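No hydrogens, no waters, no symmetry mates; every other heavy atom, side chains included, goes into these values. Counting begins at 1 with the first residue of the sequence. Both ligands and their constituent atoms are indexed starting at 1 by order of listing. Computed from a predicted model, the values in this text were never measured in an experiment.
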Amino acid sequence: MDIKMEVSTLKGVGPKLTEKLNKCGIFTIYDLLLYFPRDYEFIKSDVDFDEIDGEEKQILSCRVIGYDRDIKTKNGKVLSTIKFDYNGHIVLGKWFNQKYIKNTFKMNNTYDLVGKFKKIGKMLEVVNPMVGCNDAKKSEIIPKYPLKGDLNDRVIAKLINEALDKVIITDNLPKYILEKYNLLDLDTAIREIHFPKGKIELTSAVNRLKFQELFTYSMKLLLLKNNLRSSDGISFQWHDELVKLKESLPFKLTDAQTNVVRDILRDQKSKYSMNRLVQGDVGSGKTIVALIAIFNVIKNGYQATLMAPTEILANQHYKEALKIYKDFDIKVELLTGSTSAKEKKRIKELILGGTPLLVVGTHALIQEDVDFTNLGLAITDEQHRFGVEQRNKLINKGRRPDVLVMTATPIPRTLALYMYSDLDVSIIDQLPPGRKKIDTRFYTDKNRMEAYDLALREISSGRQVYIVCPLIEENEKMELNSVETLYEELKSDVFKNVTVEILHGKMKPKEKDDIINSFKEGNTKVIISTTVIEVGVNVPNASVMIIENSERFGLAQLHQLRGRVGRGEYASYCILIGKANNNKTKKRMEIMTSSTDGFFISEQDLKLRGAGEMFGLRQSGDIGLVLADIYEDIDILKCSRYEASKLISSNERENVKLCIEISKSIERYSRYICFN
Ligand code: ADP
Ligand code: MG
């Protein structure tokens, strides 16, 4: 049987069932076999009469010995009873409203009945029992599938059973890997994950498939990153004016910043290209580190580029660069989606001409027609907002430029290893001096006024306030409504005597820019915004962050938002308004109110939400993990990553071909499983 064949080619699959299966994403035999159970029911079979307890489901082989007459019950149902024999005990099987059930059970035949068997003296009674699906095997572990509509587990199991009878699954992991890690072959693993013989077999099957997932994904990432690993790069000298630049800064670098700058300068000098990740919590001062690195590159006569995920942030970096470089004759340009065509043309020509300069920008930078002649350093800020592919595109704008990746969402170390496995890592684990801990509180709706009172008090002592409404992903219009409604309400009531502005993604870049500027200059006191201000925005005078519907945000995102305050010398507050209607939410809010350590928070976020859901990861493209959990399965990850990188670096042609195939695979396991 060909694996690509439609499910409708299986016995008993008519148009109706096909449609139901399609709704579950099952179109082909292949989809069906990869439709893994989400859970299992562990059922004992053929236990002694004494062990039957009526509490847990059990499977008993029962022989039909007679049929009772159907009875109408008081509430109008039809009760059909069939009598069975189980090891000398009578079993009454009872079904409601299933008139034709008797046709299923033939006199004197034996069936595996699954259900809760109650004792009535020496007899047993079972209501609506199911018939075991895999007749002879009598599995004690019943798969539970993620079902939609009125499909049931039995139907799926039956189809899978039938499909498995007709295919042989050829392995596609090299044999030495299977042997080394004692992994099941793929054929067995797929069979066992659906119909495990026992718990041990189930674990082995799951492990094998987890290995598969993590291996495939590691390989994909490694291949993407492989082109960074080019051996020779540019060797930059340490320019004399670096010292002068450092002396001119408005503050002294923290020790952590100094160390990271040192790492970077060392990379710059080396004849290999730099591939470095700078991780630092919000407010730890990554921008200045980038500006120092850029300075040295430009002073060496090369070009540098700094890509940020939003225009607001790109603007801010642009201005910061102008400020920091004002005495140093460094050319800085800004290229974003809203740069005028004429201006764009001018900047592109400059870039193409090879003039040493810094170009700060957004995604506009990676568009096709921006060509650097002389790119020495490519930096992405807030890397977690970009995909790996976008980072690669930026890098490919030059010939072996140095690469610096900055991320503010601290990623748990396990994940960093996974996502940025080919980068060297520097961590800024220290905040600039004088920062006060941000006082974080969780308020339900009825304490809302307290939050506003606090805001008003802060405003009267000269500070400023952010109020953020959640992003409602599926519905931009609703998002707009919620922020606009709140704006209208507050402007005409609580904040009627202060300048309040609204900010959201649908505004023109110029409008956004004006509002941010007015806030930076202290003219606007309150910004009511969607999450457009989430990353990077830096207004040290702001001291209050109020977050509406905080339960809708991920922890990493809340931490980012909170990071908009506490960036100066003032005591700052973050008020989370929301509902804590379940334990998970309560737990999450507790984490926020008790910690301001981004690393800790992201670890907790990962634990509570699972990696696939983690903010940032979701945006890095399809992570493609169904069974494996990066956090829980770190040991499998390590092994599979090691083997993947070994396979990639080996020169055998076959291996290279395999690697490319795997990296191309978009579907979970496609190309990775061959069926005969
Ligand atoms: P992030 O790491 O979140 O990108 P920024 O680079 O925006 O942080 O810096 C946050 C704020 O801290 C800025 O106002 C910046 O000028 C200031 N800052 C950075 N480094 C220092 C330092 N060593 N001492 C004092 N303030 C600093
Ligand atoms: Mg930043």
Side-chain angles (χ1 to χ4, degrees), residues 245-262 264 276-295 306-326 358 360-362 379-386 404-411 425-438 463-464 466 516 519-522 531-543 545 556-570 572 574 596-599 601-602 616:
L245 177 74
K246 275 190 219 164
E247 280 166 0
S248 76
L249 296 179
F251 42 73
K252 191 170 166 293
L253 293 182
T254 61
D255 290 346
Q257 285 170 319
T258 306
N259 287 338
V260 174
V261 167
R262 195 176 298 141
I264 292 171
R276 187 167 290 279
L277 169 71
V278 173
Q279 246 189 69
D281 211 344
V282 277
S284 61
K286 292 179 291 294
T287 316
I288 193 64
V289 169
L291 291 177
I292 294 171
I294 291 165
F295 181 86
L306 172 58
M307 181 165 75
T310 64
E311 287 203 10
I312 292 176
L313 192 50
N315 275 321
Q316 181 179 291
H317 284 336
Y318 172 68
K319 284 181 194 141
E320 183 71 10
L322 290 178
K323 213 166 82 193
I324 296 286
Y325 297 150
K326 68 179 183 309
L358 164 63
V360 181
T362 54
I379 305 183
T380 44
D381 189 20
E382 310 288 352
Q383 168 62 40
H384 58 284
R385 301 295 297 267
F386 294 106
L404 193 63
V405 168
M406 307 201 291
T407 169
T409 299
I411 298 163
V425 180
S426 296
I427 297 179
I428 308 183
D429 54 1
Q430 186 181 18
L431 294 179
R435 297 271 173 84
K436 305 228 167 55
K437 197 165 173 261
I438 302 167
R463 304 287 80 75
Q464 290 164 283
Y466 296 100
I516 288 281
F519 193 67
K520 280 195 171 167
E521 282 154 19
T531 48
V532 288
I533 55 121
E534 178 190 325
V535 293
V537 171
N538 186 37
V539 182
N541 190 50
S543 69
M545 165 63 69
Q557 207 179 358
L558 287 176
H559 182 63
Q560 274 279 342
L561 283 167
R562 175 168 60 185
R564 295 313 109 220
V565 297
R567 299 175 82 84
E569 76 243 46
Y570 309 109
S572 300
C574 175
T596 47
D597 174 353
F599 281 97
I601 291 169
S602 67

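- Near Lys252, with a cut-off below 4.0 Å to any heavy atom, the atoms of ligand 1 are 22 (C), 23 (N), 24 (N).
- The shortest distance between side-chain heavy atoms of Lys252 and Glu247 does not fall below 4.5 Å.
- Ranking the protein heavy atoms by distance from atom 9 (O) of ligand 1 puts Gly285 CA, 3.6 Å first.
- Ligand 1 has no N or O atom lying under 3.5 Å from any N or O atom of Pro433, backbone or side chain.
- Judged purely by distance below 3.5 Å, without hydrogens or angles, the side chains of Lys286 and Gln257 never pair a donor atom with an acceptor atom.
- Take Arg567 and apply the salt bridge (charged side-chain N to carboxylate O under 4.0 Å, His left out) test, not counting sequence neighbours, and it matches no residue.
- No side-chain donor-acceptor contact under 3.5 Å links Gln279 to the backbone of Ile427.
- Checking each of Ile264, Ile379, Val260 against Arg276 for a side chain to side chain contact (heavy atoms under 4.5 Å, CB included) leaves exactly one that passes, namely Ile264.
- Not close to ligand 1: Gly280, with no non-hydrogen atom less than 4.0 angstrom away.
- For atom 2 (O) of ligand 1, the closest non-hydrogen atom on the protein side is Lys286 NZ, 2.7 Å.
- Protein heavy atom nearest atom 3 (O) of ligand 1, with residue, atom name and distance: Gly283 N, 2.7 Å.
- In this structure, the separation between CD on Gln316 and OG1 on Thr287 is 7.0 Å, given to the nearest 0.5 Å.
- In this structure, atom 22 (C) of ligand 1 lies nearest to the protein heavy atom Phe251 CD1, 3.3 Å.
- Closest heavy-atom approach to atom 12 (O) of ligand 1 within the set Gln257, Lys323, Arg435: this belongs to Arg435.
- Closest heavy-atom approach to atom 6 (O) of ligand 1 within the set Thr287, Thr254, Asp281: this belongs to Thr287.
- The shortest distance between side-chain heavy atoms of Leu245 and Ile324 falls below 4.5 Å.
- Given atom 7 (O) of ligand 1, the protein heavy atom at minimum distance is Arg567 NH2, 2.8 Å.
- Regarding atom 14 (O) of ligand 1, its nearest protein heavy-atom neighbour is Asn538 ND2, 2.8 Å.
- Numbered from 1 in the order shown, with element, the atoms of ligand 1 that lie under 4.0 Å from a heavy atom of Leu253 read 23 (N).
- Residue Val282 has at least one heavy-atom neighbour below 4.0 Å for each of these atoms of ligand 1: 3 (O).
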